[in-house]
Amino acid sequence: MKVIIAEKPSVAREIAKVFGAVNKKDGYIEGKGYTFTWAFGHLLQLAAPQEYGYYGWNVQNLPMLPTKFKLSIRKVKTKDGMVDDPSVKKQLDIIKALFDEATEIIVATDAGREGELIFRYIYYYLKCKKPFKRLWISSQTDEAIKEGFRNLKPGSDYDTLFNSAHCRSQSDWLVGMNATQALSLSSGNRAVLSLGRVQTPTLAMICSRYLENKNFVPQTYYQVAIQPDKEGQAFRAISPENYKTREEAQAVLDKVEDVAGGFPAGGHILSVEAKPRKEPPPLLHDLSSLQQEANKRKGFTADQTLGLLQNLYESKLVTYPRTGSRYIGDDVFAGVPVLIEKFKDHPDFGKQATLLIDQKLNKRSVNAKKVTDHHAILPTGEMPNQLSKDHQAIYDMVSGRMLEAFHQECIKEITKIVVQSGDKFTASGTVIGSAGWRAVFNDPDEEKKDEENAALPKVQQGENLPVINKAILEKQTKPKPLYNEASLLKGLETAGKEIDDEELRYAMKDSGLGTPATRASIIETLIKRTYIIREKKNLVPTETGLNVYNVVKDQKIAQAELTGTWEKRLEEIRSGASINEFQEEIKAYTRNITQELLKVGIPKKVIAEPAGN
DNA sequence: GCAAGGTC
């Protein structure tokens, strides 16, 4: 009997379907001489410190450097503390029984570092010795699965990938556990002050933005606006310069030849320029972009959106949610017309879906090379009934985005009019010529600046118009806004893009900080520690958060670069470099940061209070 | 009591 193990039930079901296996059992599917089983993500984790004999939180234990790491069953929190997750224990027992029967194992966990780790941890924990082969596919269509099975790889081909994954895991444990205990202990052990490779740079981003925003000194500047009128249709034109003083602006204002000043037609049209601009449709959603949109449209937190999306996925209404790709391959694209057709009677999108059926679809989101372990989020074509309001909102964002992504470009006409009245003034306006993809949601165009006119009257060069109004506008420079969940998610994705070191920047280019699957929980962790709070839509540090930031802000652990350095080394390990050197460096760093943090500490008040304004 | 990673 051959046993196929997938990372999650949905993938095991897909593969079983391709084989025509239909015999559903508790925790696996059987048929055609194969057995298809699954994990639920990581079933095993590196064991907690006490399992190596480091009892309690104690300076004498630090740094904790286990000579050999142990694995333990994933835990859940109960009223009696942390216990083995019973559903995980049960599934592990099922896997063990199947592995015991197996002649060969086929590893079908996701094609990536963590997918490899998920399987290997199970395999080694169960002390399994059976031979295994690796299925390596990046698309789960029937054809891709069949092709993958014709091309199974020797399991040992991925030993170095496992090494890099295990190093990642151990390094996070060593640095995180030790730094957390060290800072908590040196601060009086009154609260858990956690630190980690991802959470601490994230906290640092929030704090430094908060301080920058709070300490920002606004500068006042002045502009002059005039209002020419074309046969009853007035529009606004602005001085192209910003003036530092009111006097400078006043001088410009005084020269304006307005009606009140005795000029019946003192606005001379110097030029009119109209340029079309094509705006391509947005890409399909990945988890992060959907979380950002749901935060902007509905105020959902990243965690809420992930939860709602997971429910939709479990109801088979949308494809796999924790994806980091905004593209689909040609195989999935082939099914898109059928998918679009399903929305032709939709109350909001029906008209656009019907329109799209007869159109050539835009292929901007189709690129197999940019599909990583999972493709972009799509509706499955399964039609929902009776969704809750929030589920419906998320479902509509997924399906609406699909219609947008395959729609035509939006064509805008951008008009610029230069008017002379004393000095020169410019008026600009944007008119949508052909809505294209923008017809799906019909949202107001967020790019538009507040000085812009929606539509400008038709005027000709050489015309002289009455200027019916003029004014000095007093404005202030604005600081960068505080982070909210949407902008923070974006910031985490792009973290590392400004690193000076080219190699580190390259190592982080596809990852940023955290992963799509973990970013929501990183934000929740910072809130749980009372490092940050939600204030309206913003994420604002507390006193505790700022204290922690002040202690660590110049340490490596607070920099996104740390992830870059690790990623670079982990990639070298994947391509065959020795793990010993990296492990020794991590241990040295762990000793170092532990010692530093034991020295400093946060003297008083660790109970959170919202930071003052 | 603690990391980051994955998922029901």
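Chain A is the first sequence line, chain B the second, and so forth, proteins listed ahead of strands; every chain is numbered from 1.
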Next item on the list: Indicate, with a heavy-atom threshold strictly under 4.0 Å, whether A/Val192 touches base, sugar-phosphate, or nothing.
Entry: base
Check: Touch check for A/Asp110, heavy atoms < 4.0 angstrom, all strands: base, sugar-phosphate only, or nothing?
Finding: sugar-phosphate
Check: Does A/Gln45 put a side-chain nitrogen or oxygen below 4.0 Å from OP1 or OP2 of B/dA4?
Finding: no
Checklist line | Interatomic distance where CG belongs to A/Leu183 and P belongs to B/dA3 [whole Å] | finding: 12 Å
Next item on the list: Not counting sequence neighbours, list each pair that qualifies as a salt bridge (charged side-chain N to carboxylate O under 4.0 Å, His left out) and has a residue in residues 193-204 of chain A.
Entry: A/Asp172-A/Arg197
Check: Do the side chain of A/Asp172 and the base of B/dG5 come within less than 3.5 angstrom through a donor-acceptor pair of N or O atoms?
Finding: no
Note to self: Quick check on side chain to side chain contact (heavy atoms under 4.5 Å, CB included): which of A/Leu309, A/Ile394, A/Asp286 does A/Pro321 satisfy it with?
What the structure shows: A/Leu309
Item checked: A/Arg120 with A/Glu116: basic N within carboxylate O range, under 4.0 Å -> yes
Margin query: What is the separation between atom CZ on A/Phe69 and atom C1' on B/dG5, rounded to the nearest whole Å?
Written below: 14 Å
Note to self: Are A/His375 and A/Tyr320 an aromatic pair, judged by ring center distance below 6.0 Å?
What the structure shows: no
Note to self: Side chain of A/Ile522, heavy atoms from C-beta onward: which of B/dC8, B/dA3, B/dA4 has the nearest atom to it?
What the structure shows: B/dA4
Check: Hey, would you say the A/Tyr483 and A/Tyr210 ring centroids sit under 6.0 Å apart?
Finding: no
Checklist line | For atom CD of A/Glu567 and atom P of B/dG5, their distance in whole Å | finding: 9 Å
Check: Are A/Trp173 and A/Tyr54 close enough that their ring centres sit under 6.0 Å apart?
Finding: no
Notebook entry, point to check: At under 4.0 Å between heavy atoms, what does A/Leu46 touch on the DNA or RNA strands: base, sugar-phosphate, or nothing?
Noted result: base
Item checked: A/Leu598 CG - B/dC2 C1' separation (whole Å) -> 14 Å
Note to self: Under 3.5 Å, is there any donor-acceptor pair linking the side chain of A/Gln181 to the base of B/dC2?
What the structure shows: yes
Notebook entry, point to check: Of the nucleotides B/dG5, B/dT7, B/dC2, which has the atom closest to the A/Lys8 side chain?
Noted result: B/dT7
Next item on the list: Report which part of the nucleic acid A/Phe119 touches: base, sugar-phosphate, or nothing (heavy-atom distance under 4.0 Å, all strands).
Entry: nothing
Notebook entry, point to check: Hey, is A/Trp57 stacking on B/dG1? Ring centres under 5.5 Å, planes under 30°.
Noted result: yes
Next item on the list: Would you mind reading off the distance between A/Met64 atom CE and B/dA3 atom P, rounded to a whole angstrom?
Entry: 11 Å
Checklist line | Distance below 4.0 Å between A/Ser87 side-chain N/O and B/dC8 OP1 or OP2 | finding: no
Notebook entry, point to check: Among B/dA3, B/dG5, B/dC2, which nucleotide sits nearest the side chain of A/Thr525?
Noted result: B/dA3
Checklist line | Among B/dT7, B/dA3, B/dG1, the nucleotide that comes nearest once only the side chain of A/Arg322 is considered | finding: B/dT7
Check: Starting at CD1 of A/Ile122 and ending at P of B/dT7, how long is that distance when rounded to a whole Å?
Finding: 13 Å
Next item on the list: Could you check how far CE of A/Met177 sits from P of B/dA3, rounded to whole Å?
Entry: 7 Å
Checklist line | Touch class at under 4.0 angstrom, heavy-atom based, for A/Arg197 against every strand present | finding: sugar-phosphate
Check: Side-chain N or O of A/Arg529 less than 4.0 angstrom from OP1 or OP2 on B/dC2?
Finding: yes
Notebook entry, point to check: Reckon A/Pro9 touches a base, only the sugar-phosphate, or nothing at all at heavy-atom distances under 4.0 Å?
Noted result: sugar-phosphate
Notebook entry, point to check: From the list B/dG5, B/dC2, B/dT7, which nucleotide is the closest neighbour of the side chain of A/His374?
Noted result: B/dT7
Next item on the list: For A/Glu114 and for A/Gly81, locate the closest nucleotide of DNA chain B by heavy-atom distance; then report the residue assigned to the nucleotide nearer the 5' terminus.
Entry: A/Gly81
Margin query: By the 4.0 Å heavy-atom rule, please label A/Gly514 as base, sugar-phosphate, or nothing.
Written below: sugar-phosphate
Next item on the list: Looking at every strand, decide which applies to A/Gln91 at a 4.0 Å heavy-atom threshold: base, sugar-phosphate, or nothing.
Entry: nothing
Check: In whole angstroms, how far is the P atom of B/dG5 from the CD atom of A/Gln170?
Finding: 15 Å
Notebook entry, point to check: Looking at A/Phe99, does the NZ or CZ of A/Lys96 lie under 6.0 angstrom from its six-membered ring centre and within 45 degrees of the ring axis?
Noted result: no
Next item on the list: Using a heavy-atom cut-off of under 4.0 Å over every strand shown, decide if A/Glu314 touches base, sugar-phosphate, or nothing.
Entry: sugar-phosphate
Check: Side chain of A/Ser194: nearest nucleotide among B/dG5, B/dG1, B/dA3?
Finding: B/dA3
Notebook entry, point to check: For B/dA4, does OP1 or OP2 lie under 4.0 Å from any side-chain N or O of A/Gln199?
Noted result: yes
